[in-house]
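Notes follow once the structure below has been shown.
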Amino acid sequence: MKISLIEPFHTGSHAAWAEEYARTSRHQVELLTLSGRHWKWRMHGGAVTLARQYLASGCKPDLLLASDMLDLTTFLALTRKNTSALPTALYCHENQLTYPWSPTDADPGQRRDAHYAFINYSSALAADAVLFNSRYHLDSFNQQLPAFLKSFPDQNELESLPLLAAKSSVLPLGLDLQRLDAYRPTQRKEPGAPPLILWNHRWEYDKGPEEFFAALYRLQEEGLAFEVAILGESYRKAPPIFAEAQRRLGERIVQFGYAENFADYARWLWRADILPVTSTHDFFGASVVQAIYCQCTPLLPRRLAYPEHLPEALQGRFLYDGFDDLLGKLRELLRSPSREAGELRAHVARYDWGELAGRYDELFESLGREGKL
């Protein structure tokens with residue numbers, strides 16, 4: 001079948017997901033995208049530009065697959081002469097109803113933030129299938145919708161909630177994990193080298209860097225041996241805690257800054273021993289899964305999507321509750337390395353496109369035949 005994949009914010013994990021699915025699918029997947037910047041304007045105006053481009057392209061797909069950054073209602077209205085009979089799936093990488101707003105963003109204080117969540121809600125209503133990248137994401141979105149709709153003065157449309165829930169399901173994020181295998185070292189590290197703690201997330205507030213570095217400062221004061229690799233993309237307004245950490249941790253930091261290419265990034269993942277995660281937001285956690293696949297032992301908070309990435313039998317060992325629990329389990333791993341890295345790797349290997357592409361294809365074939373799930 002022919003699938004038009006529509007992505008107004010084509011960068012980072014959104015771009016990787018779209019391009020990798022197009023490459024691994026047995027279907028013909030054509031990408032219709034806009035550059036990944038100005039996210040608010042992409043949600044407002046991206047549908048208008050993409051609708052014009054779609055009509056001009058003359059493409060005749062069997063199914064539309066749109067990301068949550070698209071105002072699907074506007075897109076379908078502007079292309080109705082060509083798309084009125086097409087089944088449509090909405091893939092939710094994130095949503096603006098439960099995504100934490102930056103403390104520096106003026107929109108929440110000026111009560112201009114609700115419109116983005118409403119775009120997600122109306123787009124979900126317009127789609128034939130709504131696909132979330134994790135169970136946590138699906139549940140948190142549907143749980144918050146009643147209060148969100150009740151915040152409006154009347155005609156709250158609460159009757160739409162069961163209809164929306166009925167066409168919502170979980171379809172995990174596909175990742176090219178096997179690509180990491182090419183950089184697997186013959187020897188993980190030199191004998192006697194101190195454990196390497198990894199940070200491989202964006203340098204932003206929602207990743208909880210203050211708690212991460214607070215744990216490291218405590219362990220440094222206790223005299224425990226460890227090194228730190230701080231990867232991830234930084235921005236002009238990165239939290240000041242990163243500069244402070246560079247000064248306070250000093251020579252323990254063996255990498256500080258973005259890995260300029262995938263090969264360097266993969267090599268750091270394979271070299272690292274422990275991944276303490278302190279994020280306050282994650283609908284899936286691609287960087288966490290990548291590190292686990294490279295046999296880096298995770299310490300994950302018992303919240304968000306993280307429990308879904310661990311076998312149930314090992315959750316008590318690698319999930320933590322609160323800062324003191326994180327500190328205790330991290331201290332234990334520094335003194336006595338985990339032996340379960342292989343089992344954890346096998347558990348997340350199911351997110352590789354080699355496992356998921358067929359599941360995506362079958363789901364979209366079913367939707368194309370029936371117009372619904």
Side-chain angles (χ1 to χ4, degrees), residues 134 175 177-178 180-181 183-201 207-209 211-232 249 252-255 265-279 282 284-352:
S134 68
L175 296 167
L177 295 174
Q178 293 185 40
L180 294 161
D181 291 335
Y183 305 97
R184 186 173 188 170
T186 54
Q187 181 176 331
R188 189 170 183 90
K189 62 193 311 175
E190 294 296 324
L196 179 60
I197 294 173
L198 176 68
W199 169 286
N200 67 329
H201 325 292
K207 299 304 179 183
E211 187 175 34
F212 176 87
F213 289 117
L216 268 54
Y217 298 156
R218 286 278 297 275
L219 297 174
Q220 178 177 241
E221 292 167 0
E222 294 174 15
L224 289 172
F226 64 87
E227 293 178 327
V228 190
I230 303 172
L231 307 177
L249 295 173
R252 291 176 183 265
I253 298 179
V254 295
Q255 164 67 22
Y265 174 71
R267 292 186 185 106
W268 280 114
L269 295 193
W270 282 112
R271 182 178 166 186
D273 297 293
I274 308 170
L275 180 77
V277 175
T278 51
S279 300
D282 233 337
F284 182 81
S287 62
V288 173
V289 169
Q290 289 173 328
I292 295 173
Y293 184 82
C294 292
Q295 297 185 299
C296 182
T297 301
L299 278 178
L300 309 175
R302 196 185 301 273
R303 59 175 182 258
L304 310 176
Y306 300 126
E308 300 175 44
H309 304 327
L310 300 177
E312 188 173 351
L314 295 179
Q315 290 184 1
R317 179 158 166 74
F318 300 111
L319 294 179
Y320 67 84
D321 299 285
F323 182 77
D324 289 342
D325 195 22
L326 165 64
L327 197 63
K329 289 182 175 178
L330 181 52
R331 185 185 294 117
E332 180 183 346
L333 282 175
L334 289 175
R335 291 171 173 164
S336 179
S338 163
R339 298 177 181 272
E340 294 93 347
E343 186 175 351
L344 295 172
R345 167 189 162 93
H347 189 74
V348 299
R350 71 190 193 277
Y351 297 131
D352 184 78

Report the residues that fulfil side chain to side chain donor-acceptor pair (under 3.5 Å) with [X], sequence neighbours left out, ordered by chain and then residue number.
X	value
Glu221	none
Tyr351	His309
Ser134	none

Residues that Tyr265 engages under ring-ring contact (aromatic ring centres under 6.0 Å, His included), provided they are two or more places apart: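 Result, ring-ring contact (aromatic ring centres under 6.0 Å, His included) vs Tyr265: none returned.
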Are any non-hydrogen side-chain atoms of [X] and [Y] less than 4.5 angstrom apart?
X	Y	value
Phe226	Leu216	yes
Leu310	Leu344	yes
Thr278	Pro209	no
Phe284	Val289	yes
His347	Ile292	no
Asp273	Pro337	no

Which heavy-atom pair separates [X] from [Y] by the least distance, and what is that distance?
X	Y	result
Pro185	Trp270	CD-CB, 3.5 Å
Ala266	Tyr183	CB-CD1, 3.6 Å
Leu275	Ala291	CD2-CB, 3.8 Å
Leu299	Arg317	CD2-O, 4.2 Å
Ala229	Leu196	N-CD1, 3.6 Å
Phe318	Ser338	CZ-OG, 3.5 Å

Counting N and O atoms only, with roles assigned by atom type, does the side chain of Asp352 sit under 3.5 Å from a partner on the main chain of Gln178, one being a donor and the other an acceptor?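 Side chain of Asp352 to backbone of Gln178: a pair is present.
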If I take atom [atom1] from residue [X] and atom [atom2] from residue [Y], how far apart are they, to the nearest 0.5 angstrom?
X	Y	atom1	atom2	answer
Glu343	Leu314	CD	CG	4.5 Å
Trp268	Cys296	CH2	SG	12.5 Å
Leu198	Thr297	CG	OG1	11.5 Å

Check the pair Gln255, Arg271 against side-chain contact (heavy atoms from CB on, under 4.5 Å), reporting the backbone distance first and the verdict last. CA-CA 12 Å; Gln255 164 67 22; Arg271 182 178 166 186; over 6 Å; no
Evaluate the criterion side-chain contact (heavy atoms from CB on, under 4.5 Å) for residue pair Leu326 and Phe212; output intermediate values, then yes/no. CA-CA 9 Å; Leu326 165 64; Phe212 176 87; over 6 Å; no
Full working for side-chain contact (heavy atoms from CB on, under 4.5 Å) between Leu334 and Ile197: CA-CA 9 Å; Leu334 289 175; Ile197 294 173; 4.2 Å; yes
For Arg335, side chain to side chain contact (heavy atoms under 4.5 Å, CB included) partners two or more places apart: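 So Arg335 forms a side chain to side chain contact (heavy atoms under 4.5 Å, CB included) with Leu224, Arg331.
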Name all pairs fulfilling the side chain to side chain donor-acceptor pair (under 3.5 Å) condition that reach into residues 320-329, sequence neighbours left out, sorted by first residue then second.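 Residue pairs passing side chain to side chain donor-acceptor pair (under 3.5 Å), neighbours aside: Arg302-Asp321.
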Is atom CD of Glu222 surrounded by more than 12 heavy atoms (other residues, nucleotides or ligands) closer than 6.0 Å?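 Count over threshold, so yes.
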Hey, what's the ring geometry for Phe213 with Tyr217, parallel, tilted or perpendicular (30° and 60° as the breaks)?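 Answer is parallel, since the angle falls under 30°.
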I'd like to know whether Asp282 forms a side-chain contact (heavy atoms from CB on, under 4.5 Å) with Lys207, so could you lay out the CA-CA distance, the side-chain angles of the two residues, the decisive distance to 0.1 Å, and finally the verdict. CA-CA 8 Å; Asp282 233 337; Lys207 299 304 179 183; 3.4 Å; yes
